[in-house]
Protein chains: 2
Amino acid sequence: MIRLTKQADYGIVLMTYLARIPNRHFAAPELATETRLPLPTVSKILKLLAREGLLESHRGAKGGYSLVRPPDRISVADMISVLDGPIAFTECIEDAPGVCSQESICQLRGNWQLINQAVRLALEGISLSELNHPLDIPLVQLGVPGDQADPRSLDH
Amino acid sequence: MIRLTKQADYGIVLMTYLARIPNRHFAAPELATETRLPLPTVSKILKLLAREGLLESHRGAKGGYSLVRPPDRISVADMISVLDGPIAFTECIEDAPGVCSQESICQLRGNWQLINQAVRLALEGISLSELNHPLDIPLVQLGVPGDQADPRSLDH
DNA sequence: TCAAACAGGACCAGGTTGGTCCTGTTTCGG
DNA sequence: CCGAAACAGGACCAACCTGGTCCTGTTTGA
């Protein structure tokens with residue numbers, strides 16, 4: 001189905017919310033009520049984001065979470081990597097030989113890399129701050145190759 | 001985990017194999033032995049690809065499958081759409097209101113579209129024939145935004 | 001006429017995800 | 001100095017989806 005997991009989905013929603021006021025910190029219960037997501041889930045995701053270094057946590061009463069760097073320096077790729085693991089459509093990852101049973105006969109290694117890389121680059125091109133101001137993103141940054149009409153992209 | 005399903009994975013492998021000799025047609029058993037994938041699975045996937053219009057099937061003895069159009073006019077996006085459903089990282093798809101329970105409060109609709117679109121464009125930019133000749137693909141087509149160094153893409 | 005190959009389902013086991021809960025530990029405020 | 005609010009880090013389980021097989025037609029070349 002090629003979906004993000006809900007964990008990543010919710011995580012990006014939460015990050016986007018935090019990015020509105022980058023320097024404030026927000027407690028998990030507050031974010032849960034604001035986003036109307038269940039608290040245990042929100043809490044779990046925030047903990048993960050903190051552990052992985054995208055959020056800073058402040059313990060104790062009046063604690064909470066805040067962004068660890070400015071939102072324009074956090075990419076969608078960063079968040080998805082943390083929440084859903086490395087961005088790779090297939091198991092053919094360069095530094096993991098032996099994962100793919102077809103390895104010896106598969107002629108496609110380099111090609112999968114290409115696909116993976118294309119997706120990764122596309123996602124690295126969108127920053128958290130741009131998610132809050134979607135209109136600012138130039139199309140070229142989204143991976144639109146020039147203005148050459150592409151005969152391949154049919155309807156879906 | 002953001003993986004393609006194995007169905008899509010295998011499907012692309014099979015399509016790539018077919019694309020080597022675009023006009024020939026290949027029987028499922030032949031493809032199964034060539035790719036060393038189990039026949040029932042290969043058969044299932046080929047049937048799907050045929051039903052969805054990416055392959056042409058020839059029934060009867062000496063039957064088989066062949067590409068329905070030249071490999072440079074079949075994009076990776078085409079194949080993934082058929083094998084794994086529409087390319088959308090999240091359920092926020094434009095013509096499906098009501099799917100997302102957060103709809104009324106979610107400020108992100110437009111933004112998810114952006115992410116989905118970026119991925120879709122990246123995958124539309126790679127054709128089946130390029131998968132067989134990976135070196136031919138210019139980087140810009142992969143979505144690399146000019147040569148502006150991107151400070152967001154840190155290590156992973 | 002037979003065998004090879006496609007068509008279209010039904011079917012099931014296993015793994016992953018989504019979500020909850022529980023037991024610490026830290027820290028602010030009164 | 002104490003208690004409540006919040007974070008930390010797991011364990012845990014149900015539900016769903018995927019991966020894969022198999023079976024019964026139908027078509028067609030030799």
Side-chain angles (χ1 to χ4, degrees), chain A residues 1-14 18 24-66 68 80 82-85 89-91 100-102, chain B residues 1-14 18 24-66 68 80 82-85 89-91 100-102:
Chain A
M1 190 82 85
I2 268 300
R3 283 282 143 81
L4 240 39
T5 61
K6 298 227 171 196
Q7 180 165 270
D9 186 338
Y10 296 162
I12 294 179
V13 170
L14 292 169
L18 289 212
R24 231 195 93 188
H25 60 275
F26 297 81
E30 178 184 1
L31 288 169
T33 55
E34 285 295 341
T35 57
R36 310 201 192 174
L37 296 173
L39 174 56
T41 300
V42 168
S43 180
K44 181 183 189 176
I45 294 173
L46 291 172
K47 277 182 262 187
L48 175 59
L49 286 166
R51 211 181 314 145
E52 296 292 329
L54 287 187
L55 291 181
E56 201 169 352
S57 69
H58 312 265
R59 303 185 61 163
K62 296 270 177 181
Y65 298 89
S66 56
V68 81
I80 293 181
V82 159
L83 292 161
D84 268 4
F89 270 24
T90 64
E91 292 175 347
C100 175
S101 60
Q102 309 293 322
Chain B
M1 191 80 87
I2 269 299
R3 284 280 144 80
L4 241 39
T5 60
K6 298 227 171 195
Q7 179 165 268
D9 185 338
Y10 296 162
I12 295 179
V13 170
L14 292 169
L18 289 211
R24 229 195 94 189
H25 61 273
F26 297 82
E30 178 183 0
L31 288 168
T33 55
E34 285 295 341
T35 58
R36 310 202 193 173
L37 295 174
L39 174 57
T41 300
V42 167
S43 180
K44 181 183 189 175
I45 294 173
L46 291 172
K47 277 183 260 184
L48 174 60
L49 287 166
R51 210 181 315 146
E52 296 292 327
L54 287 187
L55 290 182
E56 202 169 351
S57 69
H58 312 265
R59 303 185 63 162
K62 296 270 181 180
Y65 298 89
S66 57
V68 81
I80 293 182
V82 159
L83 293 161
D84 268 4
F89 268 25
T90 65
E91 293 175 348
C100 174
S101 60
Q102 307 293 321

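Here is how names work: the chains are called A, B, and so on, in the same order as the sequence lines, proteins then strands, and each is numbered from 1. Computation of the quantities below employed the complete heavy-atom set of this structure, encompassing side-chain atoms and omitting hydrogens, waters and symmetry-equivalent molecules. Owing to the predicted nature of the structure, the values given are computational and were not obtained by experimental measurement.
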State, to 0.1 Å, how close [X] and [Y] come at their nearest heavy-atom pair, and which atoms those are.
X     : Y     : value
A/A32 : A/L39 : CB-CA, 3.8 Å
A/S57 : A/A50 : CB-CB, 4.3 Å
B/A27 : B/G63 : CB-O, 3.9 Å
B/S66 : B/H25 : CB-CB, 3.6 Å
A/L48 : A/V82 : CD2-O, 4.1 Å

Nucleotide nearest A/A61 when distance is taken to its side chain, options C/dA7, D/dA5, D/dC7 |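 So the side chain of A/A61 is nearest to D/dA5.
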Among the nucleotides C/dA4, C/dC28, D/dG9, which one has an atom lying closest to any side-chain atom of A/R51?
->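 Taking heavy atoms from C-beta onward, the closest nucleotide is D/dG9.
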Under 4.0 Å protein heavy-atom contacts per nucleotide of nucleotides 13-22 of chain C, with B for base, S for backbone only and - for none = ----SSBS--
Send over the distance from [X] [atom1] to [N] [atom2], rounded to a whole Å.
X     : N      : atom1 : atom2 : value
A/L49 : D/dC7  : CG    : P     : 13 Å
A/E56 : D/dC7  : CD    : C1'   : 14 Å
A/R59 : D/dC7  : CZ    : P     : 10 Å
B/L46 : C/dA7  : CG    : P     : 9 Å
B/H58 : D/dG29 : NE2   : P     : 11 Å
A/Y65 : D/dA6  : OH    : P     : 12 Å
B/I45 : D/dT18 : CD1   : P     : 13 Å
A/E52 : D/dG9  : CD    : P     : 11 Å

Under 4.0 Å between a side-chain N/O of B/S43 and OP1 or OP2 of C/dA5, yes or no?
->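 It does not, given that no N or O in the side chain of B/S43 lies less than 4.0 Å from OP1 or OP2 of C/dA5.
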Test side chain to side chain contact (heavy atoms under 4.5 Å, CB included) on B/Y65 and B/L14 and set out the steps.
-> CA-CA 11 Å; B/Y65 298 89; B/L14 292 169; over 6 Å; no
Residues in contact with DNA chain D, drawn from residues 24-33 of chain A - heavy-atom cutoff 4.0 Å =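 Heavy-atom contacts with DNA chain D come from A/A27, A/A28, A/P29.
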Are the side chain of [X] and the backbone N or O of [Y] linked by a donor-acceptor pair below 3.5 Å?
X     : Y     : value
A/D84 : A/T5  : yes
A/T35 : A/L31 : yes
A/Q7  : A/L83 : yes

